[in-house]
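Structure, as structure tokens:
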Amino acid sequence: MRSEIFEMRSKRQRDNAGSAAGLAYESIRDRIISLALPPGAPLNEGELTNDLGLGLTPVRDAIKRLALEHLIVVYPRRGTFVSEINLADERWLTEARVEMEGLAAELAASRAGIEERRAIMACVETLLGETHQLRINALDTEFHRLIYRAAHNPFLEASLNQYLNLSVRLWYYCRDRLQVKVSDCDFHKQVADAIMAGDPQAARAGIVGHLRQSSADLRAVM
């Protein structure tokens, strides 16, 4: 599966990805997350350069960044590989995300501009009308990234995006055993409504409920 499932980026995301290094990073990242590049797969810089139509330097920069984010491992004299998936990581990722995303949702409710609030609501409205599992997951991923950005804390945003990438890859790994539940979207609506209303506590409660439910669903099929 290719990275087309992650095409729902905002204009600002596209602008930020305008550099060759940014494009290389996002392209390789999305292939790893979606398992188009499966765990343990070897990575060849030359092949990636030709496939992406980019130079060798941005590809190498992307690989270094992805290695720092634990999506790639580099073994001296052996090569570069997509990192393996450890299902036990789900617990640690959720523990970190619950606290950090709760803060991000609070900040978004307090700091987001009107266009950012509208973008979050529009994402959720599209999500509520979607029935295809992969599109639902792509919209959920976009929903989280919009909240991180609306929090206006670059350190928090960078950390949460890293944890989100790892969490989404776990979802893809388990997705054939997961069932889409319409009730899950209730949390998205609660968060979006709270951010629109400027209610930090309700925004935190909604995102925490969403993450805990998602964690329970994943653990049930692991």
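Just the heavy atoms: all of them, side chains too, but no hydrogens, waters or symmetry mates, feed the values below.
Shown here for E142 and C123, the closest heavy-atom pair between the two residues is CG-SG, 4.0 Å. The heavy-atom pair separating V59 from T49 by the smallest distance is CG2-OG1, 3.8 Å. Across every non-hydrogen atom of L156 and A151, the tightest pair is CD2-CB, 4.5 Å.
By the side chain to side chain donor-acceptor pair (under 3.5 Å) test, N153 is found to be paired with no residue, residues two or more places apart in sequence or in another chain being considered. Scanning for salt bridge (charged side-chain N to carboxylate O under 4.0 Å, His left out) contacts around D193 gives K189, with sequence neighbours left out. Applying the salt bridge (charged side-chain N to carboxylate O under 4.0 Å, His left out) criterion to R219, with sequence neighbours excluded, gives E90. Under the side chain to side chain donor-acceptor pair (under 3.5 Å) criterion, R111 pairs with no residue at all, not counting sequence neighbours. With sequence neighbours excluded, no residue satisfies side chain to side chain donor-acceptor pair (under 3.5 Å) with N44. Partners of E125 by side chain to side chain donor-acceptor pair (under 3.5 Å), not counting sequence neighbours: none found.
For residues 76-87, the pairs satisfying side-chain hydrogen bond (donor to acceptor under 3.5 Å, both in side chains) are S83-R169, with sequence neighbours left out. Counting only residues at least two apart or in different chains, salt bridge (charged side-chain N to carboxylate O under 4.0 Å, His left out) contacts with residues 94-110 comprise R91-E95, R97-E101, E106-R204. Screening residues 58-74 for salt bridge (charged side-chain N to carboxylate O under 4.0 Å, His left out), with sequence neighbours left out, gives E45-R60, R65-E69.
Y75 shares a hydrophobic cluster with V73, F81; the chain of contacts runs through ILVMFWY side chains whose heavy atoms sit under 4.5 Å apart. Hydrophobic cluster membership of I114, counting Ile, Leu, Val, Met, Phe, Trp and Tyr whose side-chain heavy atoms lie under 4.5 Å apart directly or via other members: none, as it forms a cluster of its own. Membership of the apolar cluster around M121 extends to M196, as traced through chained side-chain contacts below 4.5 Å between ILVMFWY residues.
Contact check on E115 versus R118 returns a salt bridge, with a Lys/Arg side-chain nitrogen under 4.0 Å from an Asp/Glu carboxylate oxygen.
Under the 4.5 Å side-chain heavy-atom criterion for ILVMFWY residues, no single connected hydrophobic cluster contains both I28 and L56.
When only modelled atom types and interatomic distance are considered, D89 and H70 share no side-chain donor-acceptor pair under 3.5 Å.
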